[in-house]
Amino acid sequence: GQQVMQIPQYQHVQEGEDFTTYCNSSTTLSNIQWYKQRPGGHPVFLIQLVKSGEVKKQKRLTFQFGEAKKNSSLHITATQTTDVGTYFCAGPGWNSGGSNYKLTFGKGTLLTVNP
Amino acid sequence: EAQVTQNPRYLITVTGKKLTVTCSQNMNHEYMSWYRQDPGLGLRQIYYSMNVEVTDKGDVPEGYKVSRKEKRNFPLILESPSPNQTSLYFCASKERGQGPHTIYFGEGSWLTVV
């Protein structure tokens, strides 16, 4: 079945340093989504990328979707303590019958920021 | 305010005692889903529903049941809970289709089975 792999599993940075997490899918994706989960919280939808090679920015966050639509990255410039949390990517797919909608998550990257 | 509401938020129960975790959304979403989150394993989909009376298994459905009798509600049923079902559970909903639809998660339900 579809697999979504994410690296690194953990990343500790000093405040002000940059951070990047990478996501790779075993299959070509129609789109990819990114989520953030604060410690003790629930996943919060950040963005969805649809087009091959797409790049989107949200303030200090830059999201990229690979040309082959099998990989993606999230880059945070000049991290702040408010960026702490786990960042997940997720790729949609279809079940074996081809009739329904599934969402497979990567295992996430836990970002900690030292002030 | 757009909301996905889960109850209970915290529960300790004993092996074999049937329990239901309720999930309700106020956005008229057709698609709803349940996930469990475990350390080192991330979020795994248990069941999902494309619409009323339409449900299907996710990646880890064993030991769980769901029903979708109304659009807004999608309860998760553990008929005979076991300790390996101790986990953090999330319900989620979104509009149908693969468009850029925001997926909304509930705040989570911590379940401990002893």
Side-chain angles (χ1 to χ4, degrees), chain A residues 1-10 21 23 25-26 28-51 54 56 58 63 65 69 85-110, chain B residues 2-7 9-10 21 23 25 27 29-51 53-61 66 68 87-110:
Chain A
Q2 180 190 39
Q3 291 185 349
V4 177
M5 291 147 287
Q6 212 174 330
I7 57 169
Q9 193 174 358
Y10 307 98
T21 174
C23 183
S25 171
S26 59
T28 301
L29 299 168
S30 59
N31 64 77
I32 194 160
Q33 301 157 25
W34 285 92
Y35 296 78
K36 176 184 179 180
Q37 185 177 20
R38 293 183 188 276
H42 59 280
V44 174
F45 177 81
L46 293 177
I47 206 164
Q48 176 169 296
L49 305 174
V50 179
K51 299 177 183 176
E54 188 171 13
K56 286 189 176 180
Q58 290 180 350
F63 303 85
F65 200 12
K69 301 183 77 172
T86 301
Y87 293 85
F88 294 96
C89 61
W94 296 86
N95 68 0
S96 56
S99 61
N100 280 311
Y101 178 92
K102 293 181 62 175
L103 195 63
T104 301
F105 282 80
K107 293 184 179 179
T109 297
L110 172 61
Chain B
Q3 250 183 341
V4 178
T5 304
Q6 297 178 224
N7 279 296
R9 294 287 317 282
Y10 305 91
V21 186
C23 174
Q25 49 95 2
M27 296 163 279
H29 286 164
E30 291 182 326
Y31 178 88
M32 297 185 74
S33 183
W34 276 102
Y35 297 86
R36 60 177 290 175
Q37 186 172 32
D38 302 287
L41 297 177
L43 283 155
R44 295 179 294 167
Q45 194 170 40
I46 303 171
Y47 269 94
Y48 56 102
S49 170
M50 296 292 284
N51 211 331
E53 302 293 358
V54 180
T55 63
D56 204 352
K57 297 176 181 178
D59 293 318
V60 287
V66 292
R68 189 87 182 276
S87 187
L88 173 58
Y89 292 87
F90 289 104
C91 180
S93 77
K94 77 172 197 65
E95 293 179 45
R96 189 176 179 176
Q98 295 197 47
H101 305 307
T102 298
I103 297 180
Y104 295 85
F105 280 83
E107 294 188 346
S109 295
W110 285 96

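The structure displayed is predicted, hence computed values, not measured ones. Residue numbers begin at 1 in each chain, while the letters A, B, ... track the order of the sequences.
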Please examine the side chains of A:Phe105 and B:Gln37, heavy atoms only from C-beta on, and report whether any two atoms are closer than 4.5 Å.
-> no
Is any side-chain heavy atom of A:Leu103 closer than 4.5 Å to a side-chain heavy atom of B:Ser33?
-> no
Heavy-atom nearest pair, A:Gly41 first then B:Phe90, reads O-CZ, 3.7 Å
Count the heavy atoms of every other residue, nucleotide or ligand shown that sit under 6.0 Å from CZ of A:Arg38, and state whether that count exceeds 12.
-> no
Go through A:Tyr35 and B:Ile103 one step at a time and tell me if the side-chain contact (heavy atoms from CB on, under 4.5 Å) criterion holds.
-> CA-CA 9 Å; A:Tyr35 296 78; B:Ile103 297 180; 2.9 Å; yes
Starting at CD of B:Gln6, measure out to NE2 of A:His42 and round the result to the nearest 0.5 Å.
-> 9.5 Å
Part of A:Gln6 lying under 4.5 Å from any heavy atom of chain B | neither
Please state whether the side chain, the backbone, both or neither of B:Tyr35 comes within less than 4.5 Å of a heavy atom of chain A.
-> side chain
